[in-house]
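In this chain, residues are counted from 1 in sequence order.
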Amino acid sequence: MKITYLGHNTLWIETQNSKIMVDPFISGNELANNIKVTDYYPDYILLTHAHQDHILDVDTLATLGNSQIISNFEIVSYFDKKGFRGHGMNTGGSAKFPFGKLSSVVAHHSSQFPDGTYGGNPNGYVLQSNNKTIYIAGDTALTMDMKLIPRLFGKLDLAILPIGDNFTMDAEAAVIAADFVECNQILGCHYDTFPPIKINHDDVKKTFTQAGKQLILLPIGDSIEI
């Protein structure tokens, strides 16, 4: 599985069978001005919640690639009214797709579309594909529910956690989250995009290193393989 970081909470995930775009916010992110939305043709668009900085480029991508949108029932229903295909889920549910099994898990945040439409409950996801398991936390506070993830899904190969503070966990909380999900390899996201979530990279990495964990902060456009 190859994961490319496209800034903020936007991920491009390539599995053996599918290409998945997570929370597309590219055209509105000044830090990602070297990335073109129109270069991507996802089979699936996975959305954690309805805030603009997670759904901005859905319409463009879904039109280009005839993608299927995966999210909670409310978000999928919203895009269904625009004529886009979707697969609605809800917290605690799982579904099988050509790329593998996807499970919707708890995230503590809020969820509302820019036009004021209710966006349902925010979610994180556990993706199991090609004998690899990753946790995509989405925008969330630290929660005890994270302790259920290794119990339900076994060993994680990667946890993708927000670390920018203000709207989500900060680095210190994310270290505890990594303990809860029993994963020592962390890909950081949701940082630097806006002034309230700018971080000191050296300090944040030190926080994880002192806890015996590896924090990966990818330059926008760079990838890792698991």
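Take Lys19 and apply the salt bridge (Lys or Arg N to Asp or Glu O under 4.0 Å) test, not counting sequence neighbours, and it matches no residue. For Lys147, there are no salt bridge (Lys or Arg N to Asp or Glu O under 4.0 Å) partners at least two apart in sequence or on another chain.
In this structure, the separation between CD1 on Ile20 and CG on Leu102 is 7.5 Å, given to the nearest 0.5 Å. How far CG of Leu217 is from SG of Cys189: 10.0 Å, rounded to the nearest 0.5 Å.
Residues Tyr135 and Cys183 are not in side-chain contact: their nearest non-hydrogen atoms beyond the backbone lie 4.5 Å or more apart. With contacts defined as side-chain heavy-atom distances shorter than 4.5 Å, the pair Leu47/Ile70 does not qualify. Looking at heavy atoms from C-beta onward, Val22 lies out of side-chain contact with Tyr125 at the 4.5 angstrom threshold. Using a 4.5 Å cut-off on side-chain heavy atoms (C-beta onward), Ile134 and Val126 make no contact. A heavy-atom distance below 4.5 Å is not found between the side chains of Leu187 and Leu161. No side-chain heavy atom of Thr207 sits less than 4.5 Å from a side-chain heavy atom of Lys213. Between Leu46 and Met21 the shortest side-chain heavy-atom distance does not fall below 4.5 Å. A heavy-atom distance below 4.5 Å is found between the side chains of Leu215 and Val204.
Residue pairs meeting the ring-ring contact (aromatic ring centres under 6.0 Å, His included) criterion with at least one partner in residues 154-200, sequence neighbours excluded, are His8-His190, His8-Phe194, His54-His190, Tyr191-His201.
Of the residues Asp139, Asp23, Thr140, the one that meets the side-chain hydrogen bond (donor to acceptor under 3.5 Å, both in side chains) test with Thr48 is Asp23.
Aromatic ring orientation, Phe79 versus Phe84: tilted (interplanar angle from 30° to 60°). In this structure, His49 and His51 have perpendicular ring planes: the angle between them is above 60°, well past the 30° mark.
Judged by distance alone, with hydrogens and angles left aside, the side-chain atoms of Thr209 form a donor-acceptor pair with the main-chain N or O of Lys205 at under 3.5 Å. A donor-acceptor distance shorter than 3.5 angstrom exists from the side chain of Ser77 to the backbone of Phe73, with no hydrogens or angles considered. Between the side chain of Thr133 and the backbone N or O of Gln128 there is no donor-acceptor pair closer than 3.5 Å.
A salt bridge is absent between Arg85 and Asp80: the closest approach of a Lys/Arg side-chain nitrogen to an acidic carboxylate oxygen does not fall below 4.0 angstrom.
The hydrophobic cluster containing Val106 does not contain Met144, counting ILVMFWY residues as joined when their side-chain heavy atoms lie under 4.5 angstrom apart, directly or transitively. Connection of Leu142 to Ile197 is not established within any shared hydrophobic cluster, with ILVMFWY side chains joined at heavy-atom distances below 4.5 Å, either directly or through further cluster members.
Under 3.5 Å, the side chains of Asn17 and Thr15 contain no donor-acceptor pair of N or O atoms. For Ser27 and Asp57, the side-chain atoms include at least one donor-acceptor pair closer than 3.5 Å. In the model, Asn29 has no side-chain atom that pairs as donor or acceptor with a side-chain atom of Thr193 under 3.5 Å.
Under a cut-off of 6.0 angstrom, the local environment of CG in Asn131 is sparse, with at most 12 non-hydrogen atoms contributed by other residues, nucleotides or ligands.
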